Structure formats: C-alpha cells, structure tokens
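See structure below.
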Amino acid sequence: MSSPFPVMSRKLVKEPFHDRKLLASIWGQPWGTDNPVGRIDRILMHRPGEEVLKLHGAAGRIESGPLLLNRIRGRGSQDGSGGPPNLDLLQRQHDGLTSALEKEGVRVVPLEGPADAWPEAMFTRDLGMVIPGGVVLSRFALYIRYGETRLAAQTLSRIGMPLLGSVQGHGFAEGGSFIMLDRRTAVIGRSERVNPEGIHQLRQILALQEIELLTVDLPASIIHLDEAFLMIDRNKALVNISLLPYWFLHELNRRHIELFHVDPRDPSLTINALALSPSKLLFSADGAYTMDLLSRHGIEVIPVEVSEITKMGGGIHCCTLPLIRAAVE
Ligand SMILES: NC(=[NH2+])NCCC[C@H](N)C(=O)O
C-alpha cells in the first residue's frame, strides 16, 4: 500500500500537525477531535478501586461544588450527608458503563500507573482537554486530584497520543469544563477549578489552530461546564438554563443549535451523559423525564445505572474521556 506521505521525500511538509491523514500515518491514529459528537473510536477510563475509600466522610459534600461554599454559614441546598461510596456497587456500575461502550464498538483505554493515591481518578474526563491532533493536559486545582495529570501523561504518551501542551505556572483547567463545539470554536467554563490563567494558556494553544475559545462564567453551585451543558448532535444540545448565562444560550441559538431542557424532575447530574455518535447517547437510567423528551425527538438513548457514581459528584460524562472522535459532515 503506498502512503500519501513518503517518509523519504525531501519535500517540505505542507499539512498542519492536526491533519488527520498525516497524524494517522505517523502517530498511528487520527488523534483528538474537532467536534463533540462524532462517533467515538477510543476512550480513556479508570475502574474505581480501593482508592475511593480514602475519601473522608465529608468528601461527598466537599467535592460536589466549590470549596468556597463550605465557608458560607447556615444550611445550603448543596449540603449532602457524604459518607464513603459502596465500592462493590460502584465497580458494578462502572463495569456496566464500560460494557455498554464496548458493545457500541468503542475501545476502552485503561488509565495506567498507581491510581491508588488518587481517590477521584475515576473521573478521567477531567485529565485533559482533547483538541484536534491530541490533548492538552489539565492542571488540577485541588491537591486531592493533583497527581492524576501524571497518570494521564504516562498513559497517553504510551499509547502514542500527541501531548499538545499542558496547563502550567499558576493556571488551573480541568477537562470536564471544556468542549470542542466545532472546528473553529471551543468553550470553557470558569469556576473554582478553571482560573483565568488556565483559560489564557488554553486560548494560546488553541489559537495555533485558529480555534476561538469562548468562556462561560459558571455559577457558584458547580465546578464544571458538563454539569450544565451537553452537545447531543451537530446542532442539538441539552441545557440546564438555571446554570447558564443568557448570552451563551443566545449564542447557541444564533449558531442554530436546537436546545432541549434537562428535566428538573430528574437528578441534577442527568445532563452529564455522553454522545456516542450524533443523536445517540449513553444516559443515566435515573433521568426518565429527559430520556422521554429526547426519545420523542428522535434521539436514541441507551440507559445505564450510575446512581453510586453520581454520589461522588460526577456522572457518565465525567467518567469518560474520548481520545478520538470521527469527523462530522
Ligand atoms: N467532569 C466532571 N464534572 N467531573 C466531576 C468530578 C467530581 C469530583 N468529585 C471532583 O471534585 O473533581
């Protein structure tokens, strides 16, 4: 088979780094993604182990929103009871999620290295920002997650995915607050976990590919954009309007993205689902009202049980980091 890129040629390289054919020919795969819904080829996950039991009693509460909320006196709507997760149930639900993905033909890449020091390594979404051509590694805002970046760097370089940058200095950015909206636009949610310095660094890296970065200020009740917003098809999104500013909804509307409410009767992390391909989602089995709405609009939803996972402050989206998505259109 003749390659379009003869390595012995002395001609100048014309394609950019993220050219899919060049990537596949040299780096083995068309790594990364320029969209949020194309068919997923492979995905990074971590099966939770004994490390989750290291979360102390109040972790469930602390981790579900900014730490700052703990300094506000009186009882707030976020305050939960906490307590350690049921490891057996957590593992069974995580295994269910993995098999649902494998059944859809997605290759699951396990996180390598000693995850036992990092109780929230299960939330692999947060490890990086996947962009065309590779990944930008996160820098975590909390000590309890800080070492996860090293595991990601190790795993992703071993499988041959280009590391296109990493948030450094005093910057913070976590993958759960980032999405590639389309070839020319990405979105990041600013919060306790994603600071202006992290956003500035990411914006510079994206500018190398002429990608604009929109910043959405998140309310104090959440830490990541994926608790408020999910793309479900090229031109369709699920939104929680109580957590998003008017200008952003208006901008989506201006871009002809059809919006669907996540039903307020469903658990709050229902929106934290995953597009396997355009209009086909892995969805929390507890989100019945929203599933009904989506099904009525021709969107295929595959339910999976994640109730124990959500007790740790994340859902399906948080547990999965797509490393390669097919191009759309
Ligand atoms: N992408 C996400 N929404 N991840 C949620 C992570 C939740 C986890 N308890 C944390 O505090 O980091």
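Since the structure is predicted, the reported quantities are computational estimates derived from the model, not experimental observations. Indexing begins at 1, ligand by ligand and atom by atom, following the structure's order. Residue numbers start at 1 and run along the sequence shown.
For ligand 1 and Phe123, the ligand atoms under 4.0 Å from any heavy atom of the residue are 6 (C), 7 (C), 8 (C), 9 (N). Distances below 4.0 Å separate heavy atoms of Asp226 from the following atoms of ligand 1: 1 (N), 2 (C), 3 (N). For ligand 1, the atoms closer than 4.0 angstrom to any heavy atom of Met312 are 7 (C), 8 (C), 9 (N). Residue contact check: Gly176 has heavy atoms under 4.0 Å from atoms 1 (N) of ligand 1. Residue Gly313 has at least one heavy-atom neighbour below 4.0 Å for each of these atoms of ligand 1: 5 (C), 7 (C).
A side-chain donor-acceptor contact under 3.5 Å links Thr185 and Asp182.
Using cut-offs of 30° and 60° on the angle between ring planes, the pair Tyr246 and His250 is parallel.
Between Ile223 and ligand 1, a contact under 3.5 Å exists for no N or O pair. Among the atoms of Arg193, some N or O lies under 3.5 angstrom from an N or O of ligand 1. Considering backbone and side-chain N/O atoms, Glu227 never comes within less than 3.5 Å of an N/O atom of ligand 1. In terms of polar-atom proximity, His224 is counted as a contact of ligand 1, with an N or O under 3.5 Å from an N or O of the ligand.
A distance below 6.0 Å separates the ring centres of Phe17 and Trp27.
Exactly one of Asp41, Ile324, Leu156, Ile131 qualifies for a side chain to side chain contact (heavy atoms under 4.5 Å, CB included) with Trp31. That residue is Ile324.
Salt bridge Asp263/Arg265: present, at least one basic N to carboxylate O contact under 4.0 Å. Between Lys280 and Asp233, none of the side-chain N atoms (NZ, or NE/NH1/NH2) sits under 4.0 Å from a carboxylate O, so this pair counts as no salt bridge.
Looking at residues two or more places apart in sequence or on another chain, you find a salt bridge (charged side-chain N to carboxylate O under 4.0 Å, His left out) between Arg47 and Asp95.
Residue-level proximity to ligand 1 for Leu142 is absent, since no heavy atom of it falls below 4.0 angstrom. Residue contacts with ligand 1, taken as heavy atom pairs separated by less than 4.0 Å, involve Arg145 solely via side-chain atoms from C-beta onward.
Minimum heavy-atom separation, Met312 to Pro85: SD-CG, 3.9 Å.
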